[in-house]
Protein chains: 2
Amino acid sequence: MQITRAGEYGVMGLMHLARRRPGQRTMIDEVSRQQRISKSFLAKIFQSLVKAGLVRSIRGAGGGFALAKNPAQIPVLEIIEAVEGRIVFHRCKMARPDCEHVGGCALCGLFERAQDGLKDALTRTTLADLIEQQEKIELTQPKGRLN
Amino acid sequence: MQITRAGEYGVMGLMHLARRRPGQRTMIDEVSRQQRISKSFLAKIFQSLVKAGLVRSIRGAGGGFALAKNPAQIPVLEIIEAVEGRIVFHRCKMARPDCEHVGGCALCGLFERAQDGLKDALTRTTLADLIEQQEKIELTQPKGRLN
DNA sequence: TTAATTCGGACCAAAAACGTCCGATATATA
DNA sequence: TATATATCGGACGTTTTTGGTCCGAATTAA
């Protein structure tokens, strides 16, 4: 299991894009500076997001990235899995020959339920939800303060 | 976040103990062989379980380990956290000065919900539940077959 | 006293996380 | 066409975590 900085940065990056007008391109450099994420690292992460079809990239001068889909159509889980691969919890699968456990596997069942609990939360919340919550938070926060 | 082999082995080890008569002592060596887990590694894991008060250890010849509590009183989460420390997901906490995110933190809220979903499943299932499920599985499985 | 067991910590190798760097490629514009 | 500006893609490197091993010390039954 994971949910590493890479996944986290991916979500933050997409949030940044999503606050632009739809289709507007944004450079990696701007996202990197404003979100305080290493530029080269973020660039690599964005490549995964492009491959997954979540963002469109425009190369060359005046290029950048733009969201490829409606934020309401993007569950956060999809972003995270685009960046760090499928989230898989249980090391063994019930009734499978590759299960390493001796004497059956009630554990596998439990891990699967745990995993579902996790994924449910990440699937129910979309990028659009995140933005909305974010904007609410910003309203109630004093201006001068970072985070 | 985690749920590593160490945690998994811890649960397997306790399942093994729980199938003994209450209070009966079992040696690390037996658990190790029957569950096919490295003995030294398992020994280290059991030390954490002792510290957490989940098992009692008896040193010296004829010693071993025994469950310190009723299996129905032990949520699986407790076992896992005893072995690998608290499961913590969100790197930042809303409204805390140590939150690294710029511009508030809807992400933290989401991560917290995801974490809760995960922990819920691991808390609702106790060691006793696991044993029960395990026994059901074993009944339906052909004898000669491993896992 | 001896054999059997856990305790505790030092140690180690491999993998994963978290990046950096750089040349290649594409594109807008002067 | 030349140049400046961006992304693309992969090689590379460092640090942390994982998954153990090992061994001497302490404890206890016989």
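Given the structure is predicted, the values throughout are model-derived calculations rather than measurements. So that the names make sense, note that chain A is the first sequence line, chain B the second, and so on, each numbered from 1. When reading the values below, keep in mind they use all heavy atoms of this one structure, side chains included, and skip hydrogens, waters and symmetry mates.
- We find that OH of Y9(B) is positioned 8 Å from P of dG19(D), with the value rounded to whole Å.
- Considering only residues two or more places apart in sequence or on other chains, Q133(B) meets the side-chain hydrogen bond (donor to acceptor under 3.5 Å, both in side chains) condition with none of them.
- Remark: A128(B) pairs with P71(B), A72(B), T126(B) by the side-chain contact (heavy atoms from CB on, under 4.5 Å) rule, at least two apart or across chains.
- Sorted by first and then second residue, the salt bridge (charged side-chain N to carboxylate O under 4.0 Å, His left out) pairs with a member in residues 116-125 of chain B read E81(B)-K119(B); sequence neighbours excluded.
- Here dT21(D) presents its C1' atom at 13 Å from NZ of K39(B), a figure rounded to the nearest Å.
- For S57(B) and dC7(C), the shortest distance from a side-chain N or O to OP1 or OP2 is below 4.0 Å.
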Polar atom pairs (N or O), protein with nucleotides 28-30 of chain D, under 3.5 Å:
residue, atom, partner, partner atom, Å
dT28(D), O2, A61(B), N, 3.2
dA29(D), O4', A61(B), O, 3.3

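- One finds a side-chain N or O of T4(B) lying less than 4.0 angstrom from the OP1 or OP2 phosphate oxygen of dG19(D).
- The side-chain contact (heavy atoms from CB on, under 4.5 Å) check on R25(B) picks up I58(B), with sequence neighbours excluded.
- The salt bridge (charged side-chain N to carboxylate O under 4.0 Å, His left out) pairs that include a residue from residues 52-74 of chain A are K69(A)-E78(A), where partners are two or more places apart or lie in different chains.
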Check the interface with nucleotides 12-14 of chain C: list each N/O to N/O pair with the protein under 3.5 Å, or write none.
none

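- Under the side-chain contact (heavy atoms from CB on, under 4.5 Å) criterion, K39(B) pairs with I28(B), D29(B), S32(B), not counting sequence neighbours.
- For S57(A), the side-chain hydrogen bond (donor to acceptor under 3.5 Å, both in side chains) criterion is met by no residue, not counting sequence neighbours.
- E135(A) is linked by a side-chain contact (heavy atoms from CB on, under 4.5 Å) to R19(A), I131(A), counting only residues two or more places apart in sequence or in another chain.
- Applying the ring pair (Phe, Tyr, Trp, His ring centres under 6.0 Å) definition to pairs two or more places apart or across chains, those involving residues 55-76 of chain B are F46(B)-F65(B).
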Once each nucleotide of nucleotides 9-16 of chain D is scored for protein heavy atoms under 4.0 Å, what B/S/- sequence comes out, 5' to 3'?
B-------
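- Comparing dA6(D), dG19(C), dT5(C) by their closest approach to the side chain of M27(A) singles out dA6(D).
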